[in-house]
Amino acid sequence: MFGGLAPQRPQSLAKRKREGSDVELAVHPNKTQEAYVKHQDYWTSDGNVLLQIGNVRFKLHKSRLANQSSWFHILFGRYTPLFVDHTKWFGSRKNIDDAISIAEVVDGLYLFYLDFNGSPSAEEFADLLTAMDNAITYIKKRPPYPFLQNVFKASSFYRFATYTDATLQMIEALFPDIPAKITARNSPHAIEALILARAHDLSKVLRCTFYQLARTSSKIVATSETDSGDDTPDPLERLTAKDLVLLLDLQKKLALRWDAIIPIVEPTCACPKCVEARKPNTALALRKDHLFDPISGSTSSSNRIGCQRAFAKRRKRR
């Protein structure tokens, strides 16, 4: 894959220019001598390229990465003009050039350091490799959210388009923005999903995570206003001030929605069933229990309040 460029030892690789390219491959003795650990799962005995993230080193097959990722396709192709059309660049060109500028050859294999601003961690990249190994198993059983997030972040950065699309569909299924699909169950990963949605402009996920956080956060006001004596950080502190303001505004709007819902779902029928239903299941009581969750609250009231005649009246009014 590197064409006629024969691997050399780092000592003889001080500066090497490929004809027709301004890319230089420089020796960095300090990096070569830094301590590293081999990844326990992704150190392939017959691998032909080394990748290092932080102090974790991977030994992998170039062809497998290049076939799935346009980012690695271009990275490896920078050494062989016939391997890739270098005119088709995207936003990560600087990262690719940086990886090449500090690359080394170790034990006859090219070593690329993949530590960039905002780049995936070793754990995130390893989860992407796991997804490549086990993709078929996810058809029947969806992986947990933390794994999906790691794969999405790594595949997005390194342009593994197939895996980015697949994980996005699974994440959107966990955080639907269609009211009929929103259940009363709250995800424990709503904050992480909101941060991810902000970083990658995932509008569908953003809407659902805001709704979940608004209905589960009874007090979004900064905890710094009161001294609870608890040093445990509030998860909401991970959000930006702008998003906290949006959550407060959303809570106000959700609470006001009940003003329009109550006249629709409140039974006015005088039959014994409706009269009895008003006591424990009145819409006013449901508003109290679901103040910031009119979707679940109104669904609950529609299922539980009143007789058939009352249901017919409500359907007609809708």
| query | Under the side chain to side chain contact (heavy atoms under 4.5 Å, CB included) criterion, do Q149 and E192 qualify, and how do the steps go? | reply | CA-CA 9 Å; Q149 176 175 279; E192 290 83 355; 3.6 Å; yes

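- With rounding to the nearest 0.5 angstrom, the CG atom of D107 is 8.0 Å from the CG atom of L50.
- Classified by interplanar angle (parallel below 30°, tilted 30° to 60°, perpendicular above 60°), the ring pair W43/Y36 is parallel.
- Inter-residue side-chain proximity for L148 and R142 is flagged as met; some heavy-atom pair is nearer than 4.5 Å.
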- Verdict with supporting geometry, I102 and D98, side chain to side chain contact (heavy atoms under 4.5 Å, CB included): CA-CA 7 Å; I102 61 173; D98 288 345; 6.0 Å; no

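- With sequence neighbours left out, the side-chain contact (heavy atoms from CB on, under 4.5 Å) criterion links D201 to no other residue.
- Between N150 and L128, every side-chain heavy-atom pair lies at or beyond the 4.5 Å cut-off.
- G54 and D115 get closest at one heavy-atom pair: N-OD1, 2.8 Å.
- Remark: aromatic rings of F175 and Y145 are close, center separation under 6.0 Å.
- The side-chain heavy atoms of L129 and F58, taken from C-beta on, include a pair separated by under 4.5 Å.
- Residues passing the side-chain contact (heavy atoms from CB on, under 4.5 Å) test with I178, sequence neighbours excluded: A180, K181.
- Atom CD1 in I171 sits 12.5 Å away from atom SG in C208 (nearest 0.5 Å).
- Of all the heavy atoms in N55 and A35, the pair that sits closest is CB-O, 4.1 Å.
- Side-chain contact check for R215 versus Q251: every heavy-atom pair is 4.5 Å or farther apart.
- Using a 4.5 Å heavy-atom threshold, the side chains of V49 and F112 count as touching.
- A distance of 7.0 Å separates CD1 of I53 from CG of L51, quoted to the nearest 0.5 Å.
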task: Any chance you could lay out the side chain to side chain contact (heavy atoms under 4.5 Å, CB included) test for Q68 and M132, step after step, and finish with the verdict?
output: CA-CA 9 Å; Q68 297 284 346; M132 295 172 67; 3.8 Å; yes

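- Put simply, CG on D97 and NZ on K94 are 8.5 Å apart, with the number rounded to the nearest 0.5 Å.
- Between R238 and D243 no salt bridge is recorded (no basic side-chain N to carboxylate O distance below 4.0 Å).
- H61 pairs with exactly one of T44, N48, D46 by the side-chain hydrogen bond (donor to acceptor under 3.5 Å, both in side chains) rule, that one being D46.
- One N or O on the side chain of T209 and one on the backbone of L206 form a donor-acceptor pair closer than 3.5 Å.
- The heavy-atom pair separating S156 from H200 by the smallest distance is CB-CE1, 4.1 Å.
- Without hydrogens or angle criteria, T167 side chain to T164 main chain gives a donor-acceptor distance under 3.5 Å.
- Of all non-hydrogen atoms in L213 and L194, the two that sit nearest each other are CD1-CD1, 3.6 Å.
- The two residues P120 and A154 have their closest heavy-atom pair at CG-CA, 3.6 Å.
- With rounding to the nearest 0.5 angstrom, the CG atom of L244 is 9.0 Å from the CD atom of E237.
- Residues A190 and Q212 share a closest heavy-atom pair of CB-OE1, 4.0 Å.
- Between the side chain of R159 and the backbone N or O of F157, at least one donor-acceptor pair lies under 3.5 Å.
- Remark: the E104 side chain and the Y113 side chain contain an N/O donor-acceptor pair separated by less than 3.5 Å.
- F72 has its side chain within reach of F160: a pair of non-hydrogen atoms, C-beta onward, lies under 4.5 Å apart.
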Q.
Working note: Y158 + F125, criterion ring-ring contact (aromatic ring centres under 6.0 Å, His included); need CA distance, chi angles, decisive distance, verdict.
A. CA-CA 9 Å; Y158 291 118; F125 186 67; 5.7 Å; yes

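- Under the 4.5 Å side-chain contact rule for hydrophobic residues, L247 and V245 do not share a cluster.
- Every residue meeting the side-chain contact (heavy atoms from CB on, under 4.5 Å) condition with L168, not counting sequence neighbours, appears here in chain and number order: F152, E172, L202.
- Formation of a donor-acceptor pair under 3.5 Å by the D177 side chain with backbone atoms of R207 is not found in this model.
- Looking at heavy atoms from C-beta onward, L114 lies out of side-chain contact with Q52 at the 4.5 angstrom threshold.
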One pair to check against salt bridge (charged side-chain N to carboxylate O under 4.0 Å, His left out): R64 and D133. What are the steps and the verdict?
CA-CA 11 Å; R64 191 182 186 203; D133 288 341; 2.9 Å; yes

Requested in this report: Evaluate the side-chain hydrogen bond (donor to acceptor under 3.5 Å, both in side chains) criterion for residues Y42 and T130: first the C-alpha distance (whole Å), next the side-chain angles of each, then the deciding distance (0.1 Å), finally the verdict.
Outcome: CA-CA 9 Å; Y42 297 105; T130 299; 2.9 Å; yes

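- Here CD of E123 is found 5.5 Å from CG of D127. Values are rounded to the nearest 0.5 Å.
- Using a 4.5 Å heavy-atom threshold, the side chains of S69 and H73 count as separate.
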